Every structure is written in structure tokens, then in C-alpha cells.
Amino acid sequence: MKTGDGGVLTTTLEKALEWGRSNSLWPLTFGLACCAIEMMAIQAADLDISRFGSEIFRNSPRQSDLMIVSGTVTKKMAPRLRRLYDEMPYPKYVIAMGVCVIQGGPYNQGYSVVMGVDKVVPVDVYVPGCPPTPEALTNGIILLQKKIRNETDR
Amino acid sequence: MVNTQISKPDDNGWVELNMGPQHPSTHGVLRLKVKLDGEIVKEIEPVIGYLHRNAEKICELDYYCDSLIYFDRMDYVGAMNMEVGYLEAAEKLLGIPPPERAQWIRVVMAELNRIAAHLVWAGAYGLDLGMLTPFFYCFVEREKVLRIFTEVCGSRQETNYMSIGGVYQDFNDKIIHDILEFTEQFPKKLEDIFSSFVKNDIFIARTKGIGILEPEVALDYGVTGPMLRASGVEYDVRKAEPYLVYDKINFDIPVSYRKDNLARFLVRFEEMRQSIKIINQAVKKIPDGPYFNPKAKKSLMIRLRGEGEVYARTESSKGEFSVYLVGDGGVKPYRLRVRSPSLKNLSILPYLAKDTMIADLVAISGTLDLVFGEVDR
């Protein structure tokens, strides 16, 4: 973005779109396990996620841009997760929250857990922790915003 | 794939509707197959297993001391209560009782976590019924409890604080001061939250007289905890079979005879008031002494061997939580089985929601206080 003379702001259309997208990320209400409670905590008054433009957790995948996979993905749940992801409109982003989602975590000895949600859907940001603190998840969302703002530069 | 399409009416004229596993008010990954006659619910079939993480089987592959983290993640809003439940069984099997000081510390932490768990429930139940305001108030208070946990053990939610033979970290004066500060200001805040619910006419209309659970039916289904006490049965493991030091503490069991959704709400709020009473007594009674049994050295914990079978029951925030543990003389348990209250409480849902309106289904399933880490394990 450049500021010209006389208070005129010039930018490209892509930059403007990215700026808009990154500041209105609407997450999907999609709680799977323990991490979902921490995901609820970022919505609450102490760590208010609406400061970063994500205040509305949409219940329908058709109205959301961001899927926070919060909690262990089992083999029974994986097809449903993929279907929800397919129902979301483009552009869509995924945050993998917690070690269970990243690589199976404490349950990686088990038979019923998917070893990483990136085998099911493409992941943009990984937030490690078991469960990650709400601050860590907020940081993940800020990282995703930075990624969206630099999409055309890459 | 999930069949989200509304099917054609069957011979009775009933339509099958699918609810979940992604639904804002199923508290996780519950899926309900509902058969509807118009707006009246005729049949419900809960489909579980979307969060089956085979925790019991993994515990059998791990040392006795390592299994604790899987219990934290069973009832993930009330981790301390789960730890107490597992350690009651494991310490009985291994023959390493915790010292007196550790028992009192455990009581304080378990009751603090019971408050946090009920606050999460209350906030989520408000969201189920379309009330956004109590959610924020509940979570502000919950953060205060979690701040105490962070100070004691460094972790917010999945605390992993207790250990075989005691607790990992001792209490110091600052922690006791913080806990007393919390218990002093919390009752007033609790009444604010309470009145934000009960002074709302819509809330009363959606809970009063809906979801009647008769005590005989509740006992038949094995329902425990606040669900059972709201049906008028005075049963609490903390009184019926006291563990830790609950027999030295003066508190009441809240019971309601209303039997409906409102009763379960009132019982849970009264439980929080009783928890404050317990914490206030317990904090003052914590004796001096070791907080860790010297028989269980931290460095040699994985060499603990147990033989025989034990069954221990405790009262978690959801109901009676019990652990069955069999040891064959090795360093790992031979069999571990959990009786989870949420699963038993879920089994009552087809009975409770039969012949109610579909809108009431959400109001009823919210009062069950389901946590799916515990249902599916």
C-alpha cells in the first residue's frame, strides 16, 4: 500500500481483498475434544478474539472461512470432517490445534486415531500444545492473518 | 458419509432427522438419529464413538504413573476429579497411600475443578438456550480458577498435578492466599450468574416441567451425580462411601424434588456453593508434613508393581466415576476399566426426550452435562 499526495491511498485489488479477508476470519463452531474448551475460552471475555475480527463462530460451514480442528480426529470422524471442509466456501483455511491433531499426540499408540489431520485436509497453521493455551491459539490466528496478507507476494 | 438429507416418511408417517456430529448444542461429537412425528420426537438413537481414543487400552500399555494423563483427558473440564478417581484405585493396588497433607490438597483442587466444570456447563447450557450473556460471566470466573491451577502446577486445563503417592508440587502461602481470595469474591459473582438465568422468563419456560426424570427410572438406568440428585435421590459418593478426607468435612448434599431441567440446574448451582464451603474448610485444615509418600520415589516410579484387583469409586462433577484395575505383578496394569458417568447419563436421553418437542430436545440434552472424552474414552 502506498499513500500518495492529498490523502489518497493506492493499492492493488488483491491487497485490499487480502486485508479484508484476514480481518474477518469467521471460524466454524467445530469442537471435537479437550481443545474445544480452550477454543471456547478465546471467545470469552478474558481473551476476546473479536479484537482480531473473528468474533462470530458460525454454526454452518457454509458461512465460515476458518476451521479450527480442536481435538483428536478419529477414523470415524475423519470423513465427516472432510465433508464439513468441502462444504466451506473458498477461500478457506484450517488451523490444526493441539498435538492430537498434528500427529496423534498421546493417543498415537492407539488404533482409532488419525495420525495428523493433514492426511485429511490441508493445514495452514499448526498450534502445538496439549491443549494449547488460548494465547497460543490467538497467536496461531495472527500467524494465519499474516499468511493471508502475504498471499500474492509468494 | 453422514446422511444429512431428510428421508421420506415411513409407515407411521415419521421422518428421520440426523442431528450432529457437528452441531452447536451437542457438546462435542454426539450424533442423534431422531424420528419425528411433525414436531414431536418419537424415537432417539444416540450414535457414539466419534471420539473413541482407546484410552483404556493405551493405559494397559503404560506404566502405572504414566496413565494419569489419559485420565486428565477423559473428563477434560474436570481433570482433577478424574485424577483423584484413578489414584484412589492405583494407590490401593500399589499399596502407597498419600500422606495426610496431600489428601487435603487433593480435596481443595478437586472441589476447585468441580466449580470450573459446572461453570463450563452453565455457560454452555446458556448458549444452548440462546442466552449469550451468562457464558461470558461463567468463563471469567473459570479463568480465575485456572489461574490458580497455573500457579500450582503450570497447566491450565489438563493439569496432571497429582501423582501416585501424593501431589507433584506443594502448596505455599501465596497459593492459599489466592484460593481464599477466590472463595471470598466468588459467591457474590455466582449469585449474579444465577440470577441472570433464573430471572429470565424464557429460561424458566424452557426448563420448568420439561424433561421429567422419575427417581425409579433414573436408578434403573444407572444415572448418578447431579442428574440423580435432581430426581430426589440423596446419593453422593462423597457421603455414601467417603474417600480422601471428605468424612472430616461438613457439607450438605443438594437435592431437588422437582425432577425437571430446572432441578438439575438448581442442583448444580447449589453444588458450587457447597464446593466453596468445602474449600474454605479444607484450606484452613491442611496439616503440615510431607506432601509426597517417600515410598514412591519420583525417579523410581516406573518400577512400581501391583498385584490383585481393586475397584474405587469417586464423585466427579458428572456423577459416580469408578475405576477397576487388575494387576498381574508387572509394572503395567493387566486390565483397566472405567465406569464413566456421562455414558450412563446419556443412556437416559431416549427416555427423557420421548414425546417432547424437538426444540426441547436441546434443552434436555444440555442438562445431561455430557463430555465426550468420557463417553467414548
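Basis for what follows: all heavy atoms, side chains included, without hydrogens, waters or symmetry-related copies. Since the model is a prediction, treat every value here as computed from it, not as a measurement.
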**Student:** May I ask you to check whether B/Y125 and B/F197 place their ring centers less than 6.0 Å from one another?
**Tutor:** no

**Student:** Using non-hydrogen atoms only, which part of B/I69 is less than 4.5 Å away from chain A: side chain, backbone, both, or neither?
**Tutor:** side chain

**Student:** For the rings on B/Y168 and B/Y161, is their centre-to-centre separation under 6.0 Å?
**Tutor:** no

**Student:** For chain B, find which of A/D46, A/L28, A/L84 contributes the most heavy-atom pairs closer than 4.5 angstrom.
**Tutor:** A/D46

**Student:** Side chain, backbone, both or neither: which part of B/F372 has a heavy atom under 4.5 Å from chain A?
**Tutor:** neither

**Student:** Heavy-atom count around A/F52 CZ within 6.0 Å, excluding the residue itself: above 12?
**Tutor:** yes

**Student:** Pick one of side chain, backbone, both or neither for B/R156, based on which atoms fall under 4.5 Å of a heavy atom in chain A.
**Tutor:** side chain

**Student:** What residue among B/I48, B/N54, B/L343 forms side chain to side chain contact (heavy atoms under 4.5 Å, CB included) with B/D376?
**Tutor:** B/I48

**Student:** Between A/T133 (side chain) and A/A136 (backbone), is there a donor-acceptor pair under 3.5 Å?
**Tutor:** yes

**Student:** For B/F321 and B/F71, take the angle between the two ring planes, folded into 0 to 90°, and tell me which bin it lands in: parallel under 30, tilted 30 to 60, perpendicular over 60.
**Tutor:** perpendicular

**Student:** Based on non-hydrogen pairs under 4.5 Å, which of A/C100, A/G71, A/P106 is most in contact with chain B?
**Tutor:** A/P106

**Student:** Is the NZ or CZ atom of A/K76 positioned over B/Y50's six-membered ring, under 6.0 angstrom from the centre and within 45° of the axis?
**Tutor:** yes

**Student:** Please classify the contact of A/F57 with chain B as side chain, backbone, both or neither, using a heavy-atom distance under 4.5 Å.
**Tutor:** neither

**Student:** Using non-hydrogen atoms only, which part of A/A36 is less than 4.5 Å away from chain B: side chain, backbone, both, or neither?
**Tutor:** neither

**Student:** Is B/D62 in contact with chain A via its backbone, its side chain, both, or neither, using a 4.5 Å heavy-atom distance?
**Tutor:** side chain

**Student:** Please look at B/V140 and chain A and tell me whether the side chain, the backbone, both or neither of the residue comes under 4.5 angstrom of a heavy atom of that chain.
**Tutor:** both

